[in-house]
2 protein chains.
Amino acid sequence: MARPQKFDTNTVLDQAMAVFWLKGYDDTSIQDLVDATGLNRGSLYNAFGDKAQLFAQVMEHYKANSPARQLVQAPEGTSPRTLIQDFLTALVLRAQKDPDRKGCLITNTAAGLYGCDEAMNEWICNTLETLENVLTKVIILGQERSEITSERDAQTLARFLVTTAQGINVIASSQVNLDHLSDVVDQVMWTLGDPDTITKPKNDTTDGNSLAFPSDPQHLY
Amino acid sequence: MARPQKFDTNTVLDQAMAVFWLKGYDDTSIQDLVDATGLNRGSLYNAFGDKAQLFAQVMEHYKANSPARQLVQAPEGTSPRTLIQDFLTALVLRAQKDPDRKGCLITNTAAGLYGCDEAMNEWICNTLETLENVLTKVIILGQERSEITSERDAQTLARFLVTTAQGINVIASSQVNLDHLSDVVDQVMWTLGDPDTITKPKNDTTDGNSLAFPSDPQHLY
DNA sequence: GTTATTTTAGAACGTACGTACAAAAATTTT
DNA sequence: AAAATTTTTGTACGTACGTTCTAAAATAAC
């Protein structure tokens, strides 16, 4: 009983995302979005609300297709250590393949957000915390399987990885030689422990698999 | 033979920096800068050029007073390991003390810069590369003094530290619980090696101090 | 004290932006 | 086929921005 939409919502979000990602929120005009999507101004406002609301939907769309997704959507038996390496490598490969050096839309927004939009800030915090929680679970599994060092607390390692990922994305946004990032991923994986030597110290005295990491890890500094 | 400036350039740059840092380049209007500095529009343009030129001078002013400065201005005998720890800790303390969660102006600009301003992009790359070079030197010194592990290439560790610092600044910009950042610094310092155990493997066969790190470090992954 | 020169002051300009509105087109249901 | 409803289309509006320009004020040199 009504005229149906001519456009596909996901396609339009993809097109809008491309613009926001390339130019940033402030430098993207409604006209840019009209040109990129092929929709009319009125159609855009009717379907997605104002600029901030559209951006929020674009962010959700971005997150749903971001490299972090593979952390939660990986097949059951995947090695935790490989999962982490693939995640970081995905960030680097994306950066190296992108001639526009757009970095990560979420990272860019987190760094460029200046307290004005409180709702978006909260969304970003939730996203970062979710990533931390997912990584914590993966690390605990990796520690149980002796793929990741148990000398360090899993949550500490997770926070470290979240921070490193943000740093990688910042470097990706700049024009610095991106070959550096492979070194960074190497270094981060090295930090998680040498898989060949992790097993040895764990099987000496007690059952290392029942408790993944010491309940009270000593901080060295 | 001419009327002298009524204002102090450094003070004005400080005031302009505060606005740019808080609101970001795009969201800062000339009127904001006029209000913050107390200068008239004409005086601003006369003294600093247009908005982009003023911002470039603000960035230089920021860099000259940034936490990274202590890396190059530290007294001669300072422990390299302490130098790095103090640098990272300074980023965290600044973040924890800042109710506005402004993060780092350079990081925010690097992440928010969208290819439009080529000169600024180049400036940021130079800044990041300089930081990497300084850190490399510090790390080499730390390796020579057995304060930092020699199992990893110094430049790799430097790139890793640069990336981590950027990540810390991104987290600082968000509203995430900043206690996490102390964990991250702990983890990063742990990555540089346990100072109590570094000395032992180095003094076994050859003179470990003449060559700081193996010329061809093996990558583990 | 006069002159030269620079800063200050405020207004004005042109542009670009986000948003709202009203008429036309289109399609499913009755 | 007609009616009802939503999308589409294009325009128009008000605002805010970066920049420029002209006149006035102020000070150092002569």
Side-chain angles (χ1 to χ4, degrees), chain A residues 1-59 105 109 112-120, chain B residues 1-59 105 109 112-120:
Chain A
M1 150 152 134
R3 176 177 178 178
Q5 279 189 348
K6 197 191 290 180
F7 59 87
D8 175 58
T9 301
N10 262 324
T11 304
V12 170
L13 283 178
D14 265 333
Q15 295 163 328
M17 181 182 75
V19 184
F20 277 126
W21 199 357
L22 181 65
K23 311 185 75 172
Y25 180 79
D26 282 320
D27 286 341
T28 297
S29 68
I30 302 290
Q31 189 56 44
D32 289 333
L33 297 166
V34 167
D35 294 341
T37 61
L39 293 192
N40 194 277
R41 295 169 98 85
S43 305
L44 262 182
Y45 273 84
N46 180 57
F48 301 99
D50 63 16
K51 188 182 177 184
Q53 290 170 333
L54 171 57
F55 185 66
Q57 293 169 73
V58 163
M59 291 291 275
L105 181 56
T109 305
L113 204 59
Y114 288 94
C116 21
D117 195 329
E118 200 50 52
M120 179 54 73
Chain B
M1 161 149 125
R3 179 176 175 180
Q5 277 190 349
K6 198 191 289 178
F7 59 88
D8 175 59
T9 302
N10 263 325
T11 304
V12 170
L13 283 178
D14 265 333
Q15 294 162 328
M17 180 183 75
V19 183
F20 276 126
W21 199 359
L22 181 66
K23 311 184 76 172
Y25 180 80
D26 282 322
D27 286 341
T28 296
S29 68
I30 301 290
Q31 189 58 45
D32 289 334
L33 296 167
V34 167
D35 294 342
T37 60
L39 293 192
N40 193 275
R41 293 169 100 84
S43 305
L44 263 182
Y45 274 84
N46 180 56
F48 300 98
D50 64 16
K51 189 182 177 185
Q53 290 169 332
L54 170 57
F55 184 65
Q57 294 168 74
V58 163
M59 291 290 277
L105 181 57
T109 305
L113 203 59
Y114 287 95
C116 19
D117 194 330
E118 200 49 52
M120 178 55 71

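Predicted model, so just to flag it, every value in this text is computed and none were measured.
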Worksheet item: Can you give one letter per nucleotide of nucleotides 15-21 of chain D, going 5' to 3': B for a protein heavy atom under 4.0 Å from the base, S for sugar-phosphate only, - for none?
Response: --SBBB-
How many Å lie between [atom1] on [X] and [atom2] on [N], as a whole number?
X: A:L33; N: C:dC17; atom1: CG; atom2: P; result: 11 Å
X: A:F7; N: C:dT27; atom1: CZ; atom2: C1'; result: 16 Å
X: A:N46; N: C:dC21; atom1: CG; atom2: P; result: 14 Å
X: A:N40; N: C:dC21; atom1: CG; atom2: P; result: 16 Å

Fill in: Nearest non-hydrogen partners of B:K51 and B:Y25, listed with the distance
NZ-O, 3.0 Å
Worksheet item: From A:T109 OG1 over to A:F20 CZ, what is the distance, rounded to the nearest 0.5 angstrom?
Response: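 Separation between the atoms: 9.5 Å.
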Discussion item. I need the B:L33 CG to B:Y45 OH distance, nearest 0.5 Å.
Written reply: 9.0 Å
Worksheet item: Do the side chain of A:Q57 and the main chain of A:L13 share a donor and acceptor less than 3.5 angstrom apart?
Response: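 Here the side-chain-to-backbone pair does not exist.
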Discussion item. Whether the side chain of A:S43 engages the backbone of A:L39 through a donor-acceptor N/O pair (distance < 3.5 Å, no angle test) should be reported.
Written reply: no
Fill in: N or O in side chain of B:S43 less than 4.0 angstrom from C:dT7 OP1/OP2
no
Practice prompt. Hey, could you give me each pair passing salt bridge (charged side-chain N to carboxylate O under 4.0 Å, His left out) that has a residue in residues 30-40 of chain A? Not counting sequence neighbours.
Written response: A:K23-A:D32
